[in-house]
Amino acid sequence: MNLFRLLQARASAGKPVRVALIGAGKFGSMFLAQVPHVPGLEVPIIVDIDRDRAREACRTVGWDAARIAATTFTDDGARAIAGGAMDVVVEATGNPAVGIKHARAAIAAAKHIVMVNVEADVLAGPLLAEEARKAGVVYSLAYGDQPALTAEMVDWARATGFRVVAAGKGTKYLPAYHDVTPDNVWQHYGLTAGEAQSAGMNPQMFNSFLDGTKSAIEMAAIANACGLDVPTSGLLFPPCGVDDLPHVMRPRERGGVLERSGVVEVVSSLERDGRPVFRDLRWGVYVVLEAPNDYAADCFRQYGLKTDASGRYAAMYKPYHLIGLELGISVLSAALRGEPTGQAYGFRGDVAAVAKRNLRAGEMLDGEGGYTVWGKLLPAPASLKAGALPIGLAHRVKLRHDVAQGEAVRWSDVEFDANNETVKVRKAMEAAFAAQH
């Protein structure tokens, strides 16, 4: 609770926290909108493949002409990372291969890295975080996004002596969504294709939110950061409102839906028949906790917490997350405290590419949110044993074999370049962390 005070001290000393932002999309733009209102925080370099778009993003979020003129816009991420007195690199491209490249460059340049790019984190984050720790720099999940916010709540629960039963987020989910493609995604958002296009909304990106892929990626990041387990058969997405969290999100042996305590899970804002859940958590995050003793359980009741019938299970939740508007917390925590707002400490969860329809040999996979595959959360040992192809590598690769709808695509099912740098990093991560299983 002292980041702003620490930042004021840095500003007074003439040493502002300086950030290189890579990727001026929606998340990056939301961060940029806040920068002029945080004295002592500066973004002198913005990297984007479209420099004109990045400048326009700055104008859109309210930067004045003087601030824009004082900013370097470039499309060369490697040069931006290597040069200049930057404290923190923010990687917000959303491209796993590019994100891994930028993270390793930042670590090599002794700069802290905030990984908005959760796709890259799930593909190789355990290895990247370990490399950063050895180099003495911070590798961090991005505050404002749901994994970091959930990790914060898990840490709070454990630091105060509660047992974490479940942790995760809410989303809009129905089982049929796994097969949705970019062609029919907008009907599930209540939009026409024209309305979405005029708003600049990317159908493949928004489809990844709907078809379960983004939820799987974010839960893998939370599991890896918090040491939580992953459901054996993938996410359940139970319909559940905030008042019912302690009742629904407890182990089956206690009357809930979880196979055991200490897992990640996503709750749906829709009942299975499509009706809205009462007091849903679509935009938020939660942690379900268990009282360690009768006295603590009595305190739950005395202070008005909603519990299950036993009184032993309760929940804390945050109803909203503000994406890039909150990103400064990660930046300042890394620069001023030397602490991440969540980072992987193990490889517990993985996201496998699963066929949306019957796929034929010779077809090209089109990755997250596309027409061919969706991402399913699996325990890392199960994913490794099956030889499952990670969703982050299921883009622009050709199938060697047919894959039936609902089946995981395996490494052996696709043509891949073993010398590709992203593949090599992923294989190194698998080898480094396979021993822990």
Could [X] and [Y] be called an ion pair, given the rule that one side-chain N must be under 4.0 Å from one carboxylate O?
| X | Y | result |
| --- | --- | --- |
| R282 | D280 | no |
| D76 | R79 | yes |
| R18 | D87 | no |
| R400 | E415 | no |
| K356 | E407 | no |
| K134 | E131 | no |
| E368 | K214 | yes |

Minimum heavy-atom separation for [X] and [Y], please, with both atom names.
| X | Y | answer |
| --- | --- | --- |
| V264 | A223 | CG1-N, 3.9 Å |
| F27 | G324 | CE2-CA, 3.4 Å |
| Y313 | R254 | OH-CG, 3.4 Å |
| P319 | L281 | CA-CD1, 4.0 Å |
| L128 | R104 | CD2-CG, 3.6 Å |
| A216 | V351 | O-CG2, 3.5 Å |

Heavy atoms, side chains only, cut-off 4.5 Å: are [X] and [Y] in contact?
| X | Y | result |
| --- | --- | --- |
| S268 | K172 | no |
| E91 | V98 | yes |
| P340 | Y139 | no |
| V19 | F31 | yes |
| L384 | E430 | yes |

Could you state the interatomic distance from [atom1] ([X]) to [atom2] ([Y]), rounded to the nearest 0.5 Å?
| X | Y | atom1 | atom2 | result |
| --- | --- | --- | --- | --- |
| M364 | L359 | CE | CG | 12.5 Å |
| D243 | R279 | CG | CZ | 4.0 Å |
| F73 | D52 | CZ | CG | 10.0 Å |
| I22 | D75 | CD1 | CG | 11.5 Å |
| D211 | Y177 | CG | OH | 11.5 Å |
| M249 | S261 | CE | OG | 11.0 Å |

Only one of R396, K398, R357 passes salt bridge (Lys or Arg N to Asp or Glu O under 4.0 Å) with E363; say which it is.
R357
Which of these, V403, V397, L393, sits in a side-chain contact (heavy atoms from CB on, under 4.5 Å) with V414?
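One option only clears the test, and that one is V397.
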Option from L289, V288, V287, V263 for which side-chain contact (heavy atoms from CB on, under 4.5 Å) with V164 holds:
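Output: one option passes, namely V287.
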Would the H188 and F209 ring centres measure less than 6.0 Å apart?
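When the ring centroids of H188 and F209 are compared, they turn out to be at least 6.0 Å apart.
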Compute the centroid of each ring, for Y317 and then for Y286, and state whether the two points are separated by less than 6.0 Å.
no
Surrounding [atom1] of [X] (heavy atoms of other residues, nucleotides or ligands, distance under 6.0 Å), is the total greater than 12?
| X | atom1 | result |
| --- | --- | --- |
| I49 | CD1 | no |
| K427 | NZ | yes |
| H247 | NE2 | no |

Could you tell me whether the side chain of [X] and the main chain of [Y] form a donor-acceptor pair under 3.5 Å?
| X | Y | value |
| --- | --- | --- |
| D155 | E152 | no |
| D48 | A54 | no |
| H395 | D366 | yes |
| N207 | Q204 | no |

Using the salt bridge (Lys or Arg N to Asp or Glu O under 4.0 Å) rule, take D350 and K376 through it: C-alpha gap first, then chi angles, then the decisive distance, then the call.
CA-CA 8 Å; D350 198 16; K376 181 177 182 178; over 6 Å; no
Answer with yes or no whether the side chains of S333 and T341 bring together a donor and an acceptor at under 3.5 Å.
no
Assess the residue pair R53 and E56 against the criterion (salt bridge (Lys or Arg N to Asp or Glu O under 4.0 Å)); give the C-alpha distance rounded to whole Å, side-chain angles, the decisive distance to 0.1 Å, and a yes or no.
CA-CA 5 Å; R53 186 190 71 167; E56 184 57 34; over 6 Å; no
Fit a plane to each ring of F237 and Y173, take the angle between them on a 0 to 90° scale, and name the class: parallel (under 30°), tilted (30 to 60°) or perpendicular (over 60°).
parallel
Could you check whether the rings of H178 and W374 sit parallel, tilted or perpendicular, using 30° and 60° as the cut-offs?
parallel
Check whether NZ of the Lys or CZ of the Arg K169 lies under 6.0 Å from the centre of the six-membered ring of W283 and within 45 degrees of that ring's axis.
no
Could you walk me through whether E326 and K318 pass the salt bridge (Lys or Arg N to Asp or Glu O under 4.0 Å) check?
CA-CA 14 Å; E326 300 181 83; K318 195 169 189 175; 3.7 Å; yes
Step by step, would you call Y320 with V285 a side chain to side chain contact (heavy atoms under 4.5 Å, CB included)?
CA-CA 7 Å; Y320 303 104; V285 297; over 6 Å; no
